[in-house]
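Every chain is numbered from 1 and lettered A, B, ... according to where its sequence line falls, protein lines coming before strand lines. Note that the coordinates shown come from a computational prediction; the quantities given were computed from them, not determined experimentally.
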Protein chains: 2
Amino acid sequence: MPPHLPESTYAVLGLVDKVPDSSGYELAAVADRSFTHFWSISQTLLYRELERLTELGWVTATRDEQVRTPGKWTYRTTAAGQQVLADWLAGPDAAKGSFRSGFLLKFFFAYRMDAGQVRSLLQEYRRALQLQRDEFEAIADKLEAIRTPEAGAGKLTALHGLRTAEARLAWTDEVEALLGKDPP
Amino acid sequence: MPPHLPESTYAVLGLVDKVPDSSGYELAAVADRSFTHFWSISQTLLYRELERLTELGWVTATRDEQVRTPGKWTYRTTAAGQQVLADWLAGPDAAKGSFRSGFLLKFFFAYRMDAGQVRSLLQEYRRALQLQRDEFEAIADKLEAIRTPEAGAGKLTALHGLRTAEARLAWTDEVEALLGKDPP
DNA sequence: GTTCCCATGTAACCCGTTACATGATTTT
DNA sequence: AAAATCATGTAACGGGTTACATGGGAAC
């Protein structure tokens, strides 16, 4: 019975399970272009979690010496680790998470800005959303071609981000239309 | 020139500015039904920030003794505080924030679940989204009636949440349709 | 008479971050 | 000659959390 562990521990466990025999460095790269969008972790934290997972016996670390690149540790889930992962996935505590939007925080106080400031704030937000949308679209398209369950799950999570970004872009249109009506 | 301050400091500053002459207790209640949706803070943190804002001279604290309820401290932004707030609002660093979804994290590893688990995970998420949607709708409706700039900004931020929840609900429909085609 | 509301606070913890260090190899 | 890639780590910090304490008045 493991003590309270942060969700990030399971995130890394799942990652090792998904991409076995990878180094921390490689896992960081994968994390950075996959679940960083809904569960970002720093490089330092990733290495700490790998250490913890090894101590718990949920993953094994193997030293892999190479000729021209530095030696590296590669990881792999144990049977115990896979069981823990399955239990966590089956668990009912899926509601966890957090959301903090610097944009909304400022926008909430928009009545203390002049019209020009509000517009530039909105435009900055729009640009960020467009980048997000394009990125999610690219990921979804790329994974569309790969017909595996792993890619399927990834594609649908990307689609979640895509739909969210689209809806928020539509919201900025809505807001701009309202602001346009009301001259400063 | 203030040192690095977390965004939460400005969140509380804006809150005091928005609801002057309120106690920490009252501010916590307001925060809990307004910006907790996009910038939640704990009660402890709120009190700490009020203390910090007072020390910085951005708000003033006044003791207000009462007859049948306990005495309380009430807060009010100073001229300096209002200037700082305006500067922060005008600043370009609106991109800050964070997003972590326990649901997406699990869904990303859905290929390690059986079909029934995936369905119940989705249903749990759906229910949470419906609650969110209803809450945002109620807030937007309530603020619609109030014709002030403050209420207007609040209404639009609620609309942002509403549109997001709607889009994500539509996404769950999309996913369920796909899963329905593929029998377990 | 227990439970809820008001009102403020303390203590302890740790997750997660940024910044920095190292060093060999490969590319520009 | 400089910069990027591979690869792992240390040090220090702090923001934010949960849990707990207190205590009087009001409400059920």
Residue-phosphate contact under 4.0 Å: B:Tyr47 side-chain N/O, C:dG9 OP1/OP2: no

Nearest heavy-atom neighbours spanning B:Ala11 and B:Trp39: CB-CD1, 4.1 Å

I need the CG-P distance between B:Leu46 and C:dA7, as an integer number of Å. 14 Å

Could you give the CG-to-C1' distance, from B:Leu5 to D:dG16, as a whole number of Å? 15 Å

Heavy atoms of other groups near A:Arg63 CZ, more than 12 under 6.0 Å: yes

Residue pairs passing the salt bridge (charged side-chain N to carboxylate O under 4.0 Å, His left out) test where at least one lies in residues 22-43 of chain A, sequence neighbours excluded: A:Glu26-A:Lys72

Atom-to-atom span, NZ of A:Lys96 to P of D:dT18 - whole angstrom: 9 Å

Within residues 13-28 of chain B: residues closer than 4.0 Å to DNA chain C (heavy atoms): B:Ser23, B:Gly24, B:Tyr25, B:Glu26

Rounded to the nearest 0.5 Å, how far does CD of B:Gln82 lie from CG of B:Asp87? 12.0 Å

Quick one: does NZ or CZ of A:Lys18 land under 6.0 Å from the six-membered ring centre of B:Phe108, within 45 degrees of the ring axis? yes

Base-paired stems in DNA chain C, each at least three Watson-Crick or G-U pairs under 3.5 Å: C:1-3 with D:26-28, C:6-28 with D:1-23

How would you list all residue pairs meeting salt bridge (charged side-chain N to carboxylate O under 4.0 Å, His left out) that involve residues 166-175 of chain A, not counting sequence neighbours? A:Arg126-A:Asp173, A:Arg163-A:Glu166, A:Glu174-B:Arg163

Length of the line joining A:His4:NE2 and C:dC15:P, which is rounded to integer Å: 11 Å

Using the six-membered ring wherever Trp is involved, compare the ring planes of A:His160 and B:Phe103 and label them parallel, tilted or perpendicular (cut-offs 30° and 60°). tilted

Does the plane of the ring in A:Phe109 sit parallel, tilted or perpendicular to the ring in A:Tyr111? Use 30° and 60° as the thresholds. perpendicular

Grab the CZ-C1' distance between B:Arg52 and D:dG16 for me, whole Å please. 12 Å

Please state how far atom CG in B:Leu50 lies from atom C1' in D:dG16, giving the value in whole angstrom units. 15 Å

Note, B:Val175 side chain near B:Leu122 side chain (heavy atom, < 4.5 Å): yes

For residues 46-53 of chain B, tabulate all N or O donor-acceptor pairs below 3.5 Å that involve a side-chain atom, not counting sequence neighbours.
{"unit_1": "B:Tyr47", "atom_1": "OH", "unit_2": "B:Tyr25", "atom_2": "N", "d": "3.4"}
{"unit_1": "B:Glu49", "atom_1": "OE1", "unit_2": "B:Thr9", "atom_2": "OG1", "d": "2.9"}
{"unit_1": "B:Glu49", "atom_1": "OE1", "unit_2": "B:Arg52", "atom_2": "NE", "d": "3.2"}
{"unit_1": "B:Glu49", "atom_1": "OE2", "unit_2": "B:Arg52", "atom_2": "NH2", "d": "3.2"}

Taking B:Phe136 as the starting point, is it possible to reach B:Leu143 by hopping between hydrophobic residues whose side chains are less than 4.5 Å apart? no

Show the distances under 3.5 angstrom between N or O atoms of the protein and N or O atoms of nucleotides 16-20 of chain C.
{"unit_1": "C:dG16", "atom_1": "OP1", "unit_2": "B:Arg100", "atom_2": "NH1", "d": "2.4"}
{"unit_1": "C:dG16", "atom_1": "OP2", "unit_2": "A:Ser8", "atom_2": "OG", "d": "3.2"}
{"unit_1": "C:dG16", "atom_1": "N7", "unit_2": "A:Arg48", "atom_2": "NH2", "d": "2.5"}
{"unit_1": "C:dT17", "atom_1": "OP2", "unit_2": "A:Ser42", "atom_2": "N", "d": "2.7"}
{"unit_1": "C:dT17", "atom_1": "OP2", "unit_2": "A:Ser42", "atom_2": "OG", "d": "2.8"}
{"unit_1": "C:dT18", "atom_1": "O4", "unit_2": "A:Thr44", "atom_2": "OG1", "d": "3.0"}

